[in-house]
Amino acid sequence: DAGVIQSPRHEVTEMGQEVTLRCKPISGHNSLFWYRQTMMRGLELLIYFNNNVPIDDSGMPEDRFSAKMPNASFSTLKIQPSEPRDSAVYFCASSFKAGRYEQYFGPGTRLTVT
Amino acid sequence: QKEVEQNSGPLSVPEGAIASLNCTYSDRGSQSFFWYRQYSGKSPELIMSIYSNGDKEDGRFTAQLNKASQYVSLLIRDSQPSDSATYLCAVNNPSNSNSGYALNFGKGTSLLVTP
């Protein structure tokens, strides 16, 4: 089975540009999580969906960040406008059922905003 | 915000020795506990999950959970250089009323196994 798929793997953009990160969860999983990882703050949960519905977006740093999950197979995380402090690795993870069931991570998108 | 604490390391052990990684958590209601391994430049990889007090063994890995002490550990027997990585402890966060099943991650312990 394919694991969690993320694209692009690397993104370099200039400050002020819009960035869209994409994620395809593992087939059959009904929970999807977006994380951001930096050296200073470690791995932070940004938002999580259950059955395509956003459950908790309290980790989204500010209104420049938005996430959608239009169907069970696809999610996007958008940053508009991007800023240099958004530079980080963004991971998507999915699980069969949030909580007791394990989360599986995608390869991540390394975002650099100059 | 409930906390998950890990010693950042690096923890250095010789090849063949037992590596012991520790994690404490603050949310007494936590029920699910995970260890992830993350190689440099790669994504976290799940290696162990534990839900009940006691030990759980999987190959060279043993996870230990003590809910009374709010303590989780990971033992790696016969450590190999290929075990050199950062190990992340993750704990569910039932006190968060919005997402009781979100995971809080520690910042990880860096393990170095020397030949």
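Just so we're clear, the structure is a prediction, and the values are computed from it rather than from any experiment. Naming: A, B, ... by sequence-line order, numbering from 1 per chain.
The distance from atom CD of Gln37(A) to atom CZ of Phe105(B), rounded to the nearest 0.5 Å, is 9.0 Å.
What you find for Gly106(A) and Ser43(B) is that their closest heavy atoms are O-CB, 2.9 Å. Residues Leu46(B) and Gln103(A) approach most closely at CB-O, 4.4 Å, considering heavy atoms. In this structure, Gln38(B) and Phe91(A) approach most closely via the heavy-atom pair NE2-CZ, 3.8 Å. When all heavy atoms of Ser49(B) and Glu102(A) are compared, the pair lying nearest together is OG-OE2, 3.0 Å.
By the side chain to side chain donor-acceptor pair (under 3.5 Å) test, Tyr36(B) pairs with no residue at all, sequence neighbours left out. Taking Gln64(B) as the reference, Ser73(B) meet the side chain to side chain donor-acceptor pair (under 3.5 Å) condition, with sequence neighbours excluded.
If you chain together hydrophobic residues whose side chains sit under 4.5 Å apart, Ile47(A) and Leu43(A) never meet in one group. Both Phe33(B) and Trp35(B) belong to a common hydrophobic cluster when Ile, Leu, Val, Met, Phe, Trp and Tyr are linked at side-chain heavy-atom distances under 4.5 angstrom. Linking Ile, Leu, Val, Met, Phe, Trp and Tyr residues whenever their side-chain heavy atoms come within less than 4.5 Å leaves Leu77(A) and Tyr35(A) in two separate clusters. Neither Ile5(A) nor Met69(A) shares a network with the other; the hydrophobic side chains, linked directly or stepwise wherever heavy atoms of I, L, V, M, F, W or Y lie under 4.5 Å apart, form separate groups for each. A single hydrophobic cluster is not seen to contain both Val89(A) and Leu46(A); linkage of ILVMFWY side chains at heavy-atom distances under 4.5 Å, directly or through other members, places them apart.
Contacts of Glu44(A) with chain B are absent, with no heavy-atom separation under 4.5 Å from either backbone or side chain.
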Which side-chain N or O atoms in residues 17-25 of chain A pair as donor and acceptor under 3.5 Å with protein atoms at least two apart or in another chain?
from: Glu18(A); atom 1: OE1; to: Gln80(A); atom 2: NE2; distance (Å): 3.2
from: Arg22(A); atom 1: NH1; to: Thr20(A); atom 2: O; distance (Å): 3.4

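Counted within 6.0 Å of CZ on Arg110(A), heavy atoms from surrounding residues, nucleotides or ligands total 12 or fewer; the atom is thus considered open. Within 6.0 Å of NZ in Lys68(A) there are 12 or fewer heavy atoms belonging to other residues, nucleotides or ligands.
Lys107(B) contributes a side-chain N or O that, together with a main-chain N or O of Met40(A), makes up a donor-acceptor pair within less than 3.5 Å.
Residues from residues 13-22 of chain B never place a non-hydrogen atom less than 4.5 Å from a non-hydrogen atom of chain A.
Two residues are said to be in side-chain contact when any heavy atoms from C-beta on lie closer than 4.5 Å; Tyr48(A) and Leu103(B) fail this criterion.
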